[in-house]
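Okay, structure first, notes after.
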Amino acid sequence: MSKGINVHLVGGGPGDPELLTVKAVRLLQEAEVVILDRLISEGILKLIPKGTSCIYAGKAPGRHYVSQDEINEMLVKVALSGRKVVRLKGGDPFVFGRGGEEALFLAEHGIQFEIIPGITAGMGCGSSLGIPLTHRGLAKSVRFVTGHSRNNGELDLNWKSLADPDTTLVIYMGLGTIGEVTSNLIAAGLPGDTPVAAVEKGSTEDERCCITTLSDLEGRVRVEGFKPPTLFIVGKVVTLAKQLNPALEDADGGLRIVG
Ligand code: SAH
């Protein structure tokens with residue numbers, strides 16, 4: 001552990017254990033307690049030594065749902081026990097991971113901690129599939145947005161600003177609301193033929209990817225039965241996957257499921 005700090009909020013990356021940072025691997029090996037999210041892949045779980053206590057925090061089928069408040073309390077409790085703690089989160093701890101809330105809670109309780117960045121799923125999935133999130137002439141910027149709505153209400157997003165053909169959109173947690181997202185983007189002016197990649201369990205052995213268009217996305221995702229964790233990459237850069245990742249190439253129209 002670094003500088004006498006015993007609590008580490010660690011990004012686990014998109015799933016492939018080889019996409020963990022060297023620091024994340026070291027901390028996982030040194031930890032006495034690991035508090036895990038449900039998104040952590042099997043490959044990463046295998047890196048945790050057998051004797052380490054693992055606490056599962058998060059919603060998983062058949063398990064009690066642990067609320068964010070309970071996770072925060074648990075973190076503080078374990079931290080105060082003086083043991084070496086790794087709070088392992090999928091992707092980067094501070095991208096849609098509520099890691100910021102956990103860090104604030106620790107800070108409010110006077111607990112010192114360190115944050116270890118991870119490769120966020122959008123970058124991990126994009127780059128490993130051959131989709132550059134920015135590319136000269138195709139995308140000048142990239143935006144990470146969530147398709148998750150508070151209390152399952154309507155999405156509170158600025159559709160006009162998101163419907164920019166020169167920006168790549170990466171939509172996290174959007175499976176449940178994909179119809180609402182696509183119709184709003186199209187209504188705000190993004191062409192229905194804008195290419196989209198849907199990626200399920202990106203960077204893992206179970207990865208599936210489907211290249212389609214904004215208009216066809218909802219139907220394709222339902223037909224193919226995509227399940228979480230899935231994200232969507234929307235924008236002209238998706239067309240590059242065909243050249244940069246021959247495994248995705250398709251003879252008829254680019255609608256291809258791989259996996
Ligand atoms: N902190 C994480 C995101 C947590 S939100 C990060 O930086 O990546 C959870 C959402 O991330 C999922 O609903 C999904 O949209 C996305 N996600 C995480 N891992 C993924 C993966 N391996 N493949 C596809 N999407 C993934």
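As the structure lists them, so they are numbered: ligands from 1, and atoms in each ligand from 1. Just so you know, these numbers come straight off a predicted model, no measurement behind them.
Residue contacts with ligand 1, taken as heavy atom pairs separated by less than 4.0 Å, involve Cys125 solely via side-chain atoms from C-beta onward. In Thr204, neither the side chain nor the backbone holds a heavy atom less than 4.0 Å from any atom of ligand 1. Contact annotation for Val95 and ligand 1: heavy atoms of both the backbone and the side chain come within less than 4.0 Å of the ligand. If you look at Glu207 next to ligand 1, there are no close heavy atoms at all, none under 4.0 Å.
Judged by distance alone, the side chains of Glu207 and Thr204 never bring a donor and an acceptor atom under 3.5 Å apart. With hydrogens and angles left out, the side-chain atoms of Ser141 and Thr167 include a donor and acceptor closer than 3.5 Å. In this structure, a donor-acceptor pair under 3.5 Å is present between the side chains of Gln68 and Asn72. With hydrogens and angles left out, the side-chain atoms of Arg143 and Ser161 include a donor and acceptor closer than 3.5 Å.
Residue contact check: Val199 has heavy atoms under 4.0 Å from atoms 24 (C) of ligand 1. Listed by atom number, the atoms of ligand 1 under 4.0 Å from Phe96 heavy atoms are 4 (C), 5 (S). Shown in contact with Pro14 at under 4.0 Å from a heavy atom are these atoms of ligand 1, numbered in order with element: 21 (C), 22 (N). The contact set between ligand 1 and Thr120, taken as ligand atoms under 4.0 Å from a residue heavy atom, comprises 6 (C), 7 (O), 8 (O).
At least one N or O atom of Thr230 sits closer than 3.5 Å to an N or O atom of ligand 1.
The nearest protein atom to atom 9 (C) of ligand 1, hydrogens excluded, is given as Leu39 CD1, 3.7 Å; this is a heavy-atom distance. In this structure, atom 2 (C) of ligand 1 lies nearest to the protein heavy atom Gly90 O, 3.2 Å. Residue, atom and distance of the protein heavy atom nearest to atom 10 (C) of ligand 1 are Met173 CG, 3.7 Å. Protein heavy atom closest to atom 11 (O) of ligand 1, with residue, atom name and distance, is Tyr172 CD2, 3.4 Å. The shortest contact between atom 23 (N) of ligand 1 and any protein heavy atom is with Gly202 N, 2.8 Å.
Heavy atoms only, all atoms of each residue included: Phe94 and Ala103 are closest at CZ-CB, 4.1 Å.
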Practice task
Please lay out, stage by stage, how Arg87 and Glu102 fare under the test salt bridge (charged side-chain N to carboxylate O under 4.0 Å, His left out).
Solution key: CA-CA 9 Å; Arg87 168 68 173 122; Glu102 295 178 17; 2.7 Å; yes
Exercise for the section: Could you walk me through whether Phe144 and Tyr172 pass ring pair (Phe, Tyr, Trp, His ring centres under 6.0 Å), step by step? Expected result: CA-CA 7 Å; Phe144 293 161; Tyr172 289 68; 5.6 Å; yes
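A distance of 4.0 Å separates CD in Glu180 from CG in Leu155, rounded to the nearest 0.5 Å.
Ranked by closest heavy atom to atom 26 (C) of ligand 1, the top entry among Pro117, Ala121, Ala198, Gly124 is Ala121.
Figure legend: cation-pi geometry between Arg38 and Tyr56 absent, as NZ or CZ is not positioned both under 6.0 Å from the six-membered ring centre and within 45° of its axis.
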